[in-house]
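Report on the structure given below.
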Amino acid sequence: MRLAVFAAMMLLTACSDDDNTAEPLKLSGVTTLADMNTTIAEASMGSFIAVHGEGLDKANIDSVCINDIKIDLDEIYTENNIMYMKIPVKLAKNVTDRMYIYNSLGCQELPLHVITPDLKVERMFNEYTAPGDTIMIYGQYFDLYEVDSINGYVNFDGQKTKIISRSDTHLTTQVPANVKKNIKVSVGSTKFGVEAVCPGRYYDRECMLMDFDELKPSSMANVVTDEKDKQRLSGNFLRIDQNSAWSGWWYIAEIGDTKVTDDMLDHPDDYVVKCEFRTGNQFIDNKIRFCTYLYWAADPMIWSASDFNVQNFNQWETITLPWVVNRSETYPENYRYHSFNVRIETEESYARNFAFDNFRVCRKDGK
């Protein structure tokens, strides 16, 4: 019994001795690693900082927190009374805009505002994904905001669906069976109370040029109207393959009296063309190009192979193409530029296996 009491007293004495050996913490400021002489009061998530002061030896520090996020001491490095660390990529529940450093003698703190990136949604893989099917949506910081099957959702104009799968940059969900068309879609996190709107619209109808259903080209020669065709997406579509009639001056689609507005014609840099596109072969520069006319007397806008950024072969996906307004010096008036005609230039031997649907003009900012 006496031996046990003696051992306990020795342990308490050792702890007291350790406390007495701690040095007081004195903090003078935070800097970046690039400029160690200029004090900062804010830093972005994931950036590296240096904390200056006295007593900043790793053995003299018990814990470090930014807001209510505790830093793993294995991830900091101290030398010559400077503590080097990375701002954690994690959202705080209690934001105080302060850094706290603790040891057995107390706590010292410094002002430090962490710049947090907003939840971002960039695009839908296919804006014309059929109701009931799985849609993929791309964005940023889904991990940070815990946009997952527990805390996340996709909002189809009031109808919220669960997340099926996700990474930090993309997620999947099921489109509601009774979803409306021409609606905005957003992604949110219930845990952090944030929601970000996706640019563009689901089943976009804002400025449709040619959908091959209601807005049809003057010739239906290359339009697939078979409702049982396996490649069918949202209705009739344009398909070019080795069975399509070819010529050196080959118009594949022509339509007049479109919904092109004066703003689209006067400020073309603010707009793009979107469509759903499907291909089984890679386009090659100098082997194929598309000449798109808004008026017969003006130069066409050119879509070259490099404009077709395709993610997957043999799948319908929404792609973005340039919108360019070239005017004739003789006929510059806006009212003349309301047709939409697509012509192909390629050799007859060049492999052709591609399809288009839903040509439309959209704002670059997605509004």
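Bear in mind the structure is a predicted one, so any value in this text is a computation, not a measurement.
Residues F290 and F356 bring their aromatic ring centres within 6.0 Å. Annotation: F308 is not in aromatic contact with F354 [ring centroid separation under 6.0 Å not met].
D211 and R205 are joined by a salt bridge, as a carboxylate oxygen and a charged side-chain nitrogen come within less than 4.0 angstrom of each other. Salt-bridge annotation for R360 and E276: present, with a side-chain N of the basic residue lying under 4.0 Å from a carboxylate O of the acidic one. Electrostatic pairing of R343 and E345 counts as a salt bridge here, judged by a charged N lying under 4.0 Å from a carboxylate O. For the pair R278 and D241, the salt-bridge criterion is not met [side-chain N within less than 4.0 Å of a carboxylate O].
Between W316 and F237, the ring planes are perpendicular. Angles over 60° get that label, and only those under 30° would be called parallel. Ring planes of Y331 and Y295: perpendicular class, angle over 60° (limits at 30 and 60°).
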(message) One pair to check against side-chain contact (heavy atoms from CB on, under 4.5 Å): M85 and I71. What are the steps and the verdict?
(response) CA-CA 9 Å; M85 61 172 291; I71 313 301; 3.8 Å; yes
(message) Walk me through whether N334 and D266 qualify under side chain to side chain donor-acceptor pair (under 3.5 Å).
(response) CA-CA 8 Å; N334 278 356; D266 294 336; 3.2 Å; yes
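With Y128 as the fixed residue, the ring pair (Phe, Tyr, Trp, His ring centres under 6.0 Å) test singles out one of Y203, F277, Y202: Y203. If you run side chain to side chain contact (heavy atoms under 4.5 Å, CB included) between I163 and each of T172, D148, I137, V147, only V147 comes through.
For the pair K160 and Y153, the cation-pi test (distance below 6.0 Å, angle within 45°) is passed.
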